[in-house]
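First the structure, in the form of structure tokens, and then the observations on it.
Values reported hereafter were calculated over all heavy atoms of this structure, with side chains retained and with hydrogens, waters and symmetry mates removed.
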Amino acid sequence: MAIAQANPQIQVLWYQDTGVINDILSLRHSFANAPYFLLLDTSHGLIFSNTTTTQAIGTPSSFTISLWVYGKSNNNGGYILAYGSTESGPIWSINFANGYLGFNDVRSAITSSPPYHVCVVYDNGTATLYVNGTQVASSNVTLNNTITPAYIWIGNFPVASQQGGVIPPSWYGYIENVQIYNTALTSSQIAQLASSPT
């Protein structure tokens, strides 16, 4: 994962069951040579925490999130990526729910088959959602940046439902090549990210 490799203060934890966090992977800056996370069911997830602050990535006024996901909508929530904690709730989240892909209240119906490239640009209160390099929704969004602690959750974010991750389309799903930028990328930069999962 790019965020873990770029910042040695970010550590990786593994989430599988309520209240159980396995920190075996926290000894490594990256959990795999290839940048993907396989999902065999909806209850697994990875947590990125920061050893120097209670908020893993702080509260930037502008940021961009880019990732690939091979999964299906989960009516219980279907979290792909979230920022927050089980103690205090989410600051923001990207999820599938009832056939829609969304970033907080900004959402769009999913009409194509997975895998999808998903990108969110948040710029001073406006969130724009892209799927496969094309803008599909945009709206004003208020983020609760006072939430602490705040971790990056990849996959299940068990604040609303224990079974909170994406549904694997076959015997597995994946979330791949997660990148978080502390700036608002342009549409041409997003199209370039969407051109290849690697």
Side-chain angles (χ1 to χ4, degrees), residues 1-4 10-23 25-26 31 35-50 53-60 63-108 110 114-116 118-120 122 127 129 131 141-169 172-180:
M1 292 309 205
I3 188 172
I10 301 294
Q11 63 177 332
V12 184
L13 304 174
W14 178 263
Y15 177 89
Q16 184 167 358
D17 302 301
T18 302
V20 178
I21 296 177
N22 185 339
D23 63 358
L25 295 177
S26 67
F31 66 91
Y36 58 82
F37 169 36
L38 287 177
L39 303 161
L40 301 181
D41 61 39
T42 59
S43 66
H44 293 167
L46 281 183
I47 307 167
F48 286 84
S49 66
N50 194 320
T53 179
T54 58
Q55 291 181 317
I57 60 171
T59 56
F63 59 87
T64 301
I65 304 160
S66 169
L67 57 86
W68 285 83
V69 60
Y70 179 62
K72 296 195 299 184
S73 175
N74 180 344
N75 294 343
N76 291 330
Y79 287 98
I80 300 167
L81 190 74
Y83 186 42
S85 65
T86 54
E87 302 99 307
S88 305
I91 294 176
W92 52 257
S93 67
I94 301 172
N95 60 59
F96 283 129
N98 300 307
Y100 286 83
L101 175 72
F103 173 83
N104 286 22
D105 294 330
V106 181
R107 59 189 203 134
S108 176
I110 292 296
Y116 313 99
V118 178
C119 193
V120 174
Y122 179 84
L129 179 64
V131 176
V141 172
T142 301
L143 302 182
N144 184 0
N145 285 323
T146 63
I147 286 178
T148 184
Y151 314 113
I152 293 290
W153 297 73
I154 299 176
N156 182 19
F157 180 44
V159 68
S161 170
Q162 169 63 16
Q163 303 299 312
V166 297
I167 296 175
Y172 71 94
Y174 64 72
I175 296 173
E176 179 179 23
N177 204 4
V178 176
Q179 299 179 48
I180 301 175

For S66, all residues meeting side chain to side chain donor-acceptor pair (under 3.5 Å), sequence neighbours excluded = H117
Between Y70 and Y116, is the gap from one ring center to the other below 6.0 Å?
-> no
How would you list, by chain and number, every residue that makes a side chain to side chain contact (heavy atoms under 4.5 Å, CB included) with I167, sequence neighbours excluded?
-> T42, K72, N74
Side chain proximity check, I152 to I57, heavy atoms < 4.5 angstrom = yes
Take N95 and V166 through the side chain to side chain contact (heavy atoms under 4.5 Å, CB included) test and state the conclusion after the steps.
-> CA-CA 8 Å; N95 60 59; V166 297; over 6 Å; no
Heavy-atom closest contact (P115 atom, Y174 atom, distance) = CB-OH, 3.6 Å
For T86 and P158, the nearest pair of non-hydrogen atoms, with its separation, is CG2-CG, 4.0 Å
Short side-chain to backbone donor-acceptor contact, N104 and S93, under 3.5 Å = yes
Look only at the side chain of Y79 and the backbone of W153, and say whether a donor-acceptor pair between them is shorter than 3.5 Å.
-> no
A127 to V141 - nearest heavy-atom pair and separation = CB-CG2, 3.6 Å
Non-neighbouring partners of N98 that pass side chain to side chain contact (heavy atoms under 4.5 Å, CB included), sequence neighbours left out = N75
Heavy-atom nearest pair, G99 first then S73, reads N-OG, 3.0 Å
Looking at side-chain heavy atoms only, is the closest gap between I175 and L81 below 4.5 Å?
-> no
Is there a side-chain contact between V118 and L129 (heavy atoms, below 4.5 Å)?
-> yes
For S85, all residues meeting side chain to side chain donor-acceptor pair (under 3.5 Å), sequence neighbours excluded | E87
Q55 versus Y151: any side-chain heavy-atom pair under 4.5 Å?
-> no
Which atom names give the shortest non-hydrogen contact between Y83 and G58, and what distance separates them?
-> OH-O, 2.8 Å
Please identify each residue that fulfils ring-ring contact (aromatic ring centres under 6.0 Å, His included) with F63, with sequence neighbours left out.
-> W92, Y122
Who pairs with T59 by side chain to side chain donor-acceptor pair (under 3.5 Å), at least two apart in sequence or on another chain?
-> none
Distance-minimising heavy-atom pair for G173 and P168 = N-CB, 3.5 Å
Mind checking side chain to side chain donor-acceptor pair (under 3.5 Å) for T148 and listing every partner two or more places apart, or none if nothing turns up?
-> T54
How far does CG of L67 sit from CD1 of I154, to the nearest 0.5 angstrom?
-> 8.5 Å
For I147, which residues count as a side chain to side chain contact (heavy atoms under 4.5 Å, CB included) partner, sequence neighbours excluded?
-> S88, I91, N144
Close side-chain approach of C119 and T64, heavy atoms under 4.5 Å | yes
Could you list the residues that satisfy side chain to side chain contact (heavy atoms under 4.5 Å, CB included) with Y100, not counting sequence neighbours?
-> R107, A109
